[in-house]
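All remarks here apply to the structure that follows.
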Amino acid sequence: MKKIRKGDIVGRISYGKDILFIVNRILECNDRKIAILKGLTLRIEADAPIEDLVIMDKTRIQNHMRSLDKRLETRVNKIIGITQKVSPMFKQRIQRNTRDHKTIYTGKILHLDGDKKYTDKSLKYYRELGLNAVVRNIAENKQPFLVKSLLEKYRPDILVITGHDGMIKTGTGYHDIYNYRNSKYFIRTVKEARNWDKNRQLVIFAGACQSFFEALMSAGANFASSPARVLIDFADPLIVAEKIATTESYKYVTIEDIAPELRDGMSGVGGTGAKGKQEILTM
């Protein structure tokens with residue numbers, strides 16, 4: 001059997017290889033090697049003994065990634081077809097409709113992501129939709145320390161705080177912050193953002209797979225994962241941000257409006273909602 005190394009894409013034998021993971025690092029613990037894993041297309045972090053892992057074949061990995069890219073492409077094409085917000089005239093994320101003498105400003109997004117590959121895919125997604133977005137790859141444990149300076153620099157309308165997360169022991173300890181891998185960092189980041197946002201005009205999405213939903217909402221998020229402690233898709237935070245950014249400011253967006261387009265609906269993401277951040281100015 002091939003030796004498991006950092007960067008390998010693996011499945012857990014005990015779970016029937018149901019989720020594809022990237023090996024993030026390997027630790028020595030009581031004479032055993034434990035791999036810290038991050039989901040390839042799901043925002044889940046987990047650990048497993050090296051002996052429970054198997055390297056996945058290239059065909060399955062390629063098919064998995066093609067499936068994700070196809071879903072994103074289909075969604076982008078659908079949105080462009082419905083809203084017609086992206087055109088050759090769309091520059092600097094501003095659409096000018098010369099016939100109707102209108103200028104459309106979509107809400108500005110600041111997206112903090114703990115995963116480098118997700119950072120790149122997120123930026124591509126936002127750009128293909130013509131959205132005004134800044135995406136930064138920042139490890140979950142560093143996000144609380146950097147968020148204020150980034151908010152001050154970019155002054156966004158929407159803040160996405162995400163990466164990977166997961167419960168250490170599933171099915172128990174739902175209200176124990178120490179039973180979550182990264183929720184404590186997301187919670188602190190939300191609090192730091194709200195301390196900066198004195199007028200509470202900033203719309204915040206926070207969390208990843210199985211995150212401590214109630215604590216994230218109490219900290220000040222408008223939307224958060226995961227009410228039912230389920231897995232969320234890579235794209236779920238992006239969809240929430242996109243919906244807020246492209247909804248007119250006089251409209252209120254509820255989780256019911258967004259849920260049909262998310263992996264597990266309101267089981268994966270909940271929230272109190274927020275006003276849209278799109279402004280339409282008449283010239």
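- Contact check for Arg32 versus Glu51: side-chain heavy atoms found under the 4.5 Å cut-off.
- With sequence neighbours excluded, the residues satisfying side chain to side chain donor-acceptor pair (under 3.5 Å) with Arg71 are Asp233.
- Electrostatic pairing of Asp120 and Lys124 does not count as a salt bridge here, judged by no charged N lying under 4.0 Å from a carboxylate O.
- With contacts defined as side-chain heavy-atom distances shorter than 4.5 Å, the pair Ile44/Gln210 qualifies.
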>> With side chain to side chain contact (heavy atoms under 4.5 Å, CB included) as the criterion, how do Thr246 and Gln278 come out once you've worked through the C-alpha distance, each side chain's angles and the decisive distance to 0.1 Å?
In response: CA-CA 5 Å; Thr246 58; Gln278 179 176 282; 4.2 Å; yes
>> With side-chain hydrogen bond (donor to acceptor under 3.5 Å, both in side chains) as the criterion, how do Asn63 and Arg60 come out once you've worked through the C-alpha distance, each side chain's angles and the decisive distance to 0.1 Å?
In response: CA-CA 5 Å; Asn63 289 340; Arg60 181 172 176 185; over 6 Å; no
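- Put simply, the residue from Arg136, Gln143, Arg43 that forms a side chain to side chain donor-acceptor pair (under 3.5 Å) with Asp113 is Arg43.
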>> With side chain to side chain contact (heavy atoms under 4.5 Å, CB included) as the criterion, how do Lys277 and Thr106 come out once you've worked through the C-alpha distance, each side chain's angles and the decisive distance to 0.1 Å?
In response: CA-CA 6 Å; Lys277 292 296 182 178; Thr106 58; over 6 Å; no
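- Judged purely by atom type and a 3.5 angstrom limit, Asp47 has no side-chain atom pairing as donor or acceptor with the backbone of Ile34.
- Atom CD of residue Gln62 and atom NZ of residue Lys58 lie 8.0 Å apart, to the nearest 0.5 angstrom.
- The minimum heavy-atom distance between Ala241 and Tyr126, with the atom names listed, is CB-OH, 3.9 Å.
- Formation of a donor-acceptor pair under 3.5 Å by the Asp52 side chain with backbone atoms of Ser14 is found in this model.
- Checked by atom type and distance alone, the side chain of Ser225 never pairs as donor or acceptor with a backbone atom of Val269 at under 3.5 Å.
- No continuous path of hydrophobic side-chain contacts links Ile22 to Tyr15 [ILVMFWY only; heavy atoms under 4.5 Å].
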> Could you walk me through whether Thr74 and Asn77 pass the side-chain hydrogen bond (donor to acceptor under 3.5 Å, both in side chains) check?
Replying inline: CA-CA 5 Å; Thr74 299; Asn77 290 337; 5.9 Å; no
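- Linking Ile, Leu, Val, Met, Phe, Trp and Tyr residues whenever their side-chain heavy atoms come within less than 4.5 Å places Val240 and Val135 in a single cluster.
- For the atom pair CE (Met56) and CD1 (Ile9), the distance works out to 9.5 Å, reported to the nearest 0.5 Å.
- With sequence neighbours excluded, the residues satisfying side chain to side chain donor-acceptor pair (under 3.5 Å) with Asp115 are His164.
- For Tyr252, the OH atom counts as densely surrounded, since its 6.0 Å shell holds more than 12 non-hydrogen atoms of other residues, nucleotides or ligands.
- Residue Lys184 qualifies as enclosed at atom NZ: its count of foreign heavy atoms under 6.0 Å is above 12.
- The structure places CD1 of Ile280 at 10.0 Å from OG1 of Thr103, a figure rounded to the nearest 0.5 Å.
- The backbone N or O of Glu45 lies less than 3.5 Å from a partner atom in the side chain of Arg181, making a donor-acceptor pair.
- Among pairs with a residue in residues 200-227, those fulfilling salt bridge (charged side-chain N to carboxylate O under 4.0 Å, His left out) read Glu214-Arg229, at least two apart in sequence or across chains.
- For the atom pair Phe205 CZ and Asn222 CG, the distance stands at 11.5 Å (nearest 0.5 Å).
- The two residues Pro144 and Thr189 come nearest to each other via the heavy atoms N-OG1, 3.1 Å.
- Remark: the backbone N or O of Gly207 is paired with a side-chain donor or acceptor of Thr162 at under 3.5 angstrom.
- Ser122 has its side chain within reach of Phe234: a pair of non-hydrogen atoms, C-beta onward, lies under 4.5 Å apart.
- By the rule that hydrophobic residues join a cluster once side-chain heavy atoms approach within less than 4.5 Å of another member, Met65 and Leu123 end up as members of one cluster.
- Among the candidates Thr254, Ile258, Val253, the single residue satisfying the side-chain contact (heavy atoms from CB on, under 4.5 Å) test with Glu256 is Thr254.
- Inter-residue side-chain proximity for Glu242 and Ile79 is flagged as met; some heavy-atom pair is nearer than 4.5 Å.
- Scanning all heavy atoms of the two residues, the minimum distance from Asn179 to Gly173 falls at ND2-O, 3.4 Å.
- Distance CD1/Ile109 to CG/Leu238: 8.0 Å, rounded to 0.5 Å.
- Scanning all heavy atoms of the two residues, the minimum distance from Ser226 to Ser267 falls at OG-O, 3.4 Å.
- Using a 4.5 Å heavy-atom threshold, the side chains of Asp8 and Leu53 count as separate.
- Ion pairing of Lys121 with Asp69 is present here, as a side-chain N (NZ or NE/NH1/NH2) and a carboxylate O approach within less than 4.0 Å.
- Evaluation of the side chain to side chain donor-acceptor pair (under 3.5 Å) rule for Glu261 yields Arg75, Lys243 as partners, not counting sequence neighbours.
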> Under the side chain to side chain contact (heavy atoms under 4.5 Å, CB included) criterion, do Arg12 and Leu37 qualify, and how do the steps go?
Replying inline: CA-CA 10 Å; Arg12 295 176 296 182; Leu37 310 170; 4.2 Å; yes
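- Counting side-chain heavy-atom gaps under 4.5 Å among Ile, Leu, Val, Met, Phe, Trp and Tyr, the cluster of Ile36 also holds Leu27.
- Panel note: side chain Asp57, backbone Thr59; a donor-acceptor pair is recorded below 3.5 Å.
- Grouping Ile, Leu, Val, Met, Phe, Trp and Tyr by side-chain contacts under 4.5 Å, direct or through others, puts Tyr174 with Leu110, Leu112, Val134, Ile138, Leu146, Val147, Leu150, Leu151, Tyr154, Leu159, Ile161, Met167, Ile177, Tyr178, Tyr180, Phe186, Ile187, Val190, Trp196, Leu202, Ile204, Phe212, Leu216.
- Annotation: side chain of Lys251 is not in contact with side chain of Lys275 (no heavy-atom distance under 4.5 Å).
- Between Ser183 and Asp165, the side chains place a donor N or O and an acceptor N or O closer than 3.5 Å (distance only, hydrogens not considered).
- Around the NZ atom of Lys108, the shell of radius 6.0 Å holds more than 12 heavy atoms that belong to other residues, nucleotides or ligands.
- The closest donor-acceptor contact from the side chain of Asp236 to the backbone of Leu262 lies at 3.5 Å or more, if one exists at all.
- To the nearest 0.5 Å, atom CD1 of residue Ile19 and atom SG of residue Cys209 are 7.5 Å apart.
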> Does the pair Ile232 and Asp264 meet the rule for a side chain to side chain contact (heavy atoms under 4.5 Å, CB included), with working shown?
Replying inline: CA-CA 7 Å; Ile232 71 167; Asp264 285 298; over 6 Å; no
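- Arg188 places a side-chain heavy atom less than 4.5 Å from the side chain of Phe145.
- There is no path of hydrophobic side-chain contacts, each under 4.5 Å, that joins Ile239 to Val230.
- Linking Ile, Leu, Val, Met, Phe, Trp and Tyr whenever their side-chain heavy atoms come within less than 4.5 Å leaves Met217 and Val160 in two separate clusters.
- Residues Asn141 and Asn182 are not in side-chain contact: their nearest non-hydrogen atoms beyond the backbone lie 4.5 Å or more apart.
- Of all non-hydrogen atoms in Gly270 and Pro227, the two that sit nearest each other are N-CG, 3.6 Å.
- Listed for the Tyr118 side chain is a donor-acceptor partner under 3.5 Å among the backbone atoms of Leu42.
- Shown here is Lys148, whose NZ atom has more than 12 heavy atoms of other residues, nucleotides or ligands within 6.0 Å.
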